[in-house]
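Only one structure is covered here, and it is reproduced in the block below.
These values consider heavy atoms only, across backbone and side chains, with no hydrogens, waters or symmetry-generated copies. Chain identifiers are assigned alphabetically (A, B, ...) following the order of the sequence lines, protein sequences preceding nucleic acid strands; residue numbering begins at 1 within each chain.
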Amino acid sequence: MSNTYLDQLNDIQRQAVTTINGPVMVIAGPGSGKTRVLTYRIAHLIEQGVNPWNILALTFTNKAAREMKERINTTIGGGVGSSVWAGTFHSVFARILRYEAELIGYPANFTIYDTQDTKSVLSNIIRENNLEPKVYSVNGVRARISSCKYNLISPKAYTENNELIQEDHQRRQPHFQKIYKAYMARCRRAGAMDFDDLLYQMFILLHKNPNDVIKKYHHKFRYLLVDEFQDTNFLQYQIVRKLVNYTNSPHNVCIVGDDAQSIYAFRGATIENILNFQRDYKNAKIFKLEQNYRSTHHIVQAANEVILNNKRQIQKKIWTDKGKGEPIKILQTVTDTEEGKRVADMILEQKTRYHLQNKDIAILYRTNAQSRSFEEALRSHRIKYRVYGGLSFYQRKEIKDMLGYLRLIVNPNDEEALRRVINLPKRAIGKSTVDKVSKIADSNNVPMWMVIENIDSQGFSARATNSIKGFVKLIKKFQKQHVTKDAYELAKIAGTESGLLKMLGEDKTIEGMNRMENVQGLLDGIKIFVDSEPVAEEEDKSLATYLQSIALLTDQDTDDKSDDKVTLMSVHAAKGLEFPSVFVVGMEEDLFPSFMSKNTIDEMDEERRLFYVAITRAELYLTLSYSKSRYRFGQVRYNESSRFLEEISTENMDVSIPFSKSSGGSTRSSVSGAGIRKYGTPMRKAKTAPAASSDPSFKSTSATDLKVGQQIEHFRFGKGKIQSIEGAKGNEVLTVNFSGMEKRIMLKFAKLKV
DNA sequence: GAAGTGATGTTTTTT
DNA sequence: ACATCACTTC
């Protein structure tokens, strides 16, 4: 062991690493060696005598945590990296909650509901309460509940808050509070926590502090590090404060982030946290990492130019000494199919010309649905690729079905699992029977399992009673073997004796065989889990531990670096990654920036930060592409190029023809011959026609029709009062107060009722 | 209760 | 275009 790692750091990085006592804030621009600082800081702590198990590092993805541990191991050796508590907020808290669950009235083997489960619970509640599903959209309600949780508003507090109740009336969702309350109650009686609960309940645990449990964690986590702090929400920050603030605390907390890369506001993240941190820890040392070690000059410059269009940000200027590099290429095509082909062509050419491998190249897009044209083109070019995101393995129907049985064995109160498998394969327990069970459960506030366990004399038909008894018997039989059999054997038994495997095996269609294969893959995965050496955080090989370990996995955690494949992913998913060559595709108005984000300045700024993240993933070569037309909603739509393209000066762009020749084969898309038109600064058509809203009474409004103090109604935010009108003609910005929530709205795009 | 059929809305991003 | 959902018929 030596201090040589300190020599690998620049001055500011070194200070950020060696300032180990007291609060520290590191503002780290893209490619500025943030991960290096974090890992060396931990290594340094350990070398200074801090026990690795007294360090808690909270990251944004499992992958980041894993890599951090590995890098600590390679830096100081001895495998100490594995003893550091490093993980996502969600996974670390899930682990703690598993120990402490009973203190807050949850079973230790609580289930984690994923988004699908949550939506299903909500749609049941909405249906059973005879609420209009169009008024109470599952997605909308889910988002609002989520936002309640990360603002620490309990159902009770919600009901008591007049402003919120008012707001619901204006939003024409007066029964929202009822849904929220019912949802929380159902989760609790099912012994289930959703993703937000992992944070919310963690806060409750520390706040209510039964048995003085907080002392244990104050004692345990002496040094706290938080990565990607710009993407934490209010609740996460409150938990951090709970862990750091106590009498005589040394406030050993280090946050690392970059306000310019905050891209999760839609999920409650707030840059306010960075400002609040400075306010809450006045003696915090602040280090700004501004040297970019990743990208060449043109790319860094373009990024700076783009982000300059956002008004509110922490002042910094990213620079590089990597040399000018290649200017950014712009690719214009006529159709989305052609976009796929041209990008695939360019990939082939880059591979030869620059000696790149597939894994050096990434295609980044705004929405996952865009992957298709690229997949097809890459396949026909025989280029290996891997698509990240979208539906993950564990979210596939057949996998969730199989897991349903396993979940039920561990926690029979898990109602989503129960609903999923009670009639799968068909055992004559139909929808009306399940509804009836649910009603009885609801009115007695007991889990559905308890109702079906005691199905006699509840007024069910003899046939239904019998079927249910058979099902209960089946599950109980599995449960009995929970103690004697390991997870793999149990899963195999459940799959066979439930008839699920047989049912899947009988489907001889291609998709059916695929599903069977997936379930086999799941079983193999469980086998690997059972046979593998226990990792620090897995204290046993039980089914419960297995389920917990996969609940928070994402696609990217099954990442295989050794594979030489082109990466396809959303820009969000690309955060923290870098590639020698990057294609940012679909650079069109209404796509990137998304049409969903055109309502407010804040949303548009977030889109721009997203674009900033996208271009700063590139080390050497950056290509931005857009298509003049694209299939959307099953029909062709014509697009204008993204406004973001205009924000990059021609100095940093290749203004010549971006690519020598169109690919051979295709005739269809080159009929017009416009596909390889000469390219200058992309032009946008003069007017932007706002997409027709579903409700025609909401429409674009001219500024002359509006004045300060006027009541208006926005198609999404409801009724509000105009506070001010600013900006040049045709570009007015309204500040509108929507019952306590102030929004800045771009009149150009807004759909309003006066 | 099961299976088949037509209608409808749905798409931003993710732990 | 696609999937989900409500509605029909057996």
Rounded to the nearest angstrom, tell me the gap between atom [atom1] in [X] and atom [atom2] in [N].
| X | N | atom1 | atom2 | answer |
| --- | --- | --- | --- | --- |
| A:His572 | B:dT11 | NE2 | C1' | 14 Å |
| A:Gln548 | B:dT15 | CD | C1' | 14 Å |
| A:Asp117 | B:dT15 | CG | P | 16 Å |
| A:Lys397 | C:dT4 | NZ | C1' | 13 Å |
| A:Tyr388 | B:dT14 | OH | P | 14 Å |
| A:Lys431 | B:dA2 | NZ | P | 12 Å |
| A:Lys426 | B:dG1 | NZ | P | 12 Å |
| A:Asn233 | B:dT13 | CG | P | 20 Å |

Atom OH of A:Tyr631: over 12 foreign heavy atoms under 6.0 Å: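 Atom OH in A:Tyr631 is not crowded, with 12 or fewer foreign heavy atoms closer than 6.0 Å.
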
For the side chain of [X], counting heavy atoms from C-beta on, which of [options] is nearest?
| X | options | result |
| --- | --- | --- |
| A:Thr367 | B:dT13, B:dT15, B:dT11 | B:dT13 |
| A:Asn368 | B:dT15, B:dT13, C:dC2 | B:dT13 |
| A:Ser432 | B:dG1, B:dT14, B:dT11 | B:dG1 |

- prompt: Should the pair A:Glu376-A:Lys341 be classified as a salt bridge under the 4.0 Å nitrogen-to-oxygen rule?
  reply: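 The answer is no: the pair does not qualify as a salt bridge.
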
field: Salt-bridge present (A:Arg267, A:Asp231; N to O < 4.0 Å)
entry: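 No salt bridge links A:Arg267 with A:Asp231.
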
query: Can you tell me how far C1' in C:dT4 sits from the matching atom in B:dT13, rounded to whole Å?
result: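 The same atom, C1', in both gives a distance of 22 Å.
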
With sugar-phosphate meaning primed atoms plus P, OP1 and OP2, does [X] contact a base, only sugar-phosphate, or nothing at under 4.0 Å between heavy atoms?
| X | answer |
| --- | --- |
| A:Asn139 | sugar-phosphate |
| A:Thr433 | sugar-phosphate |
| A:Tyr264 | sugar-phosphate |

Taking only the side-chain nitrogens and oxygens of [X], find out if one of them lies under 4.0 Å from OP1 or OP2 of [N].
| X | N | answer |
| --- | --- | --- |
| A:Asn423 | B:dA2 | yes |
| A:Ser594 | B:dT13 | no |
| A:Arg372 | C:dC2 | yes |

message: For a 4.5 angstrom cut-off between non-hydrogen side-chain atoms, does A:Val571 reach A:Ile263?
response: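 A side-chain contact under 4.5 Å is absent here.
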
field: Under 5.5 Å and under 30°: A:Phe266 stacked on B:dT13
entry: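 Ring-base stacking flag set for A:Phe266 and B:dT13.
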
- request: Please tell me which of A:Ser570 and A:Arg463 maps to the more 5' nucleotide of DNA chain B, matching each residue to the nucleotide holding its nearest heavy atom.
  value: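 Residue closer to the 5' terminus by nearest nucleotide: A:Arg463.
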
task: Run through A:Glu415, A:Glu128, A:Arg127 and flag the one making a side-chain contact (heavy atoms from CB on, under 4.5 Å) with A:Ser438.
output: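 With A:Ser438 as partner, A:Glu415, A:Glu128, A:Arg127 yield a single side-chain contact (heavy atoms from CB on, under 4.5 Å), made by A:Glu128.
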
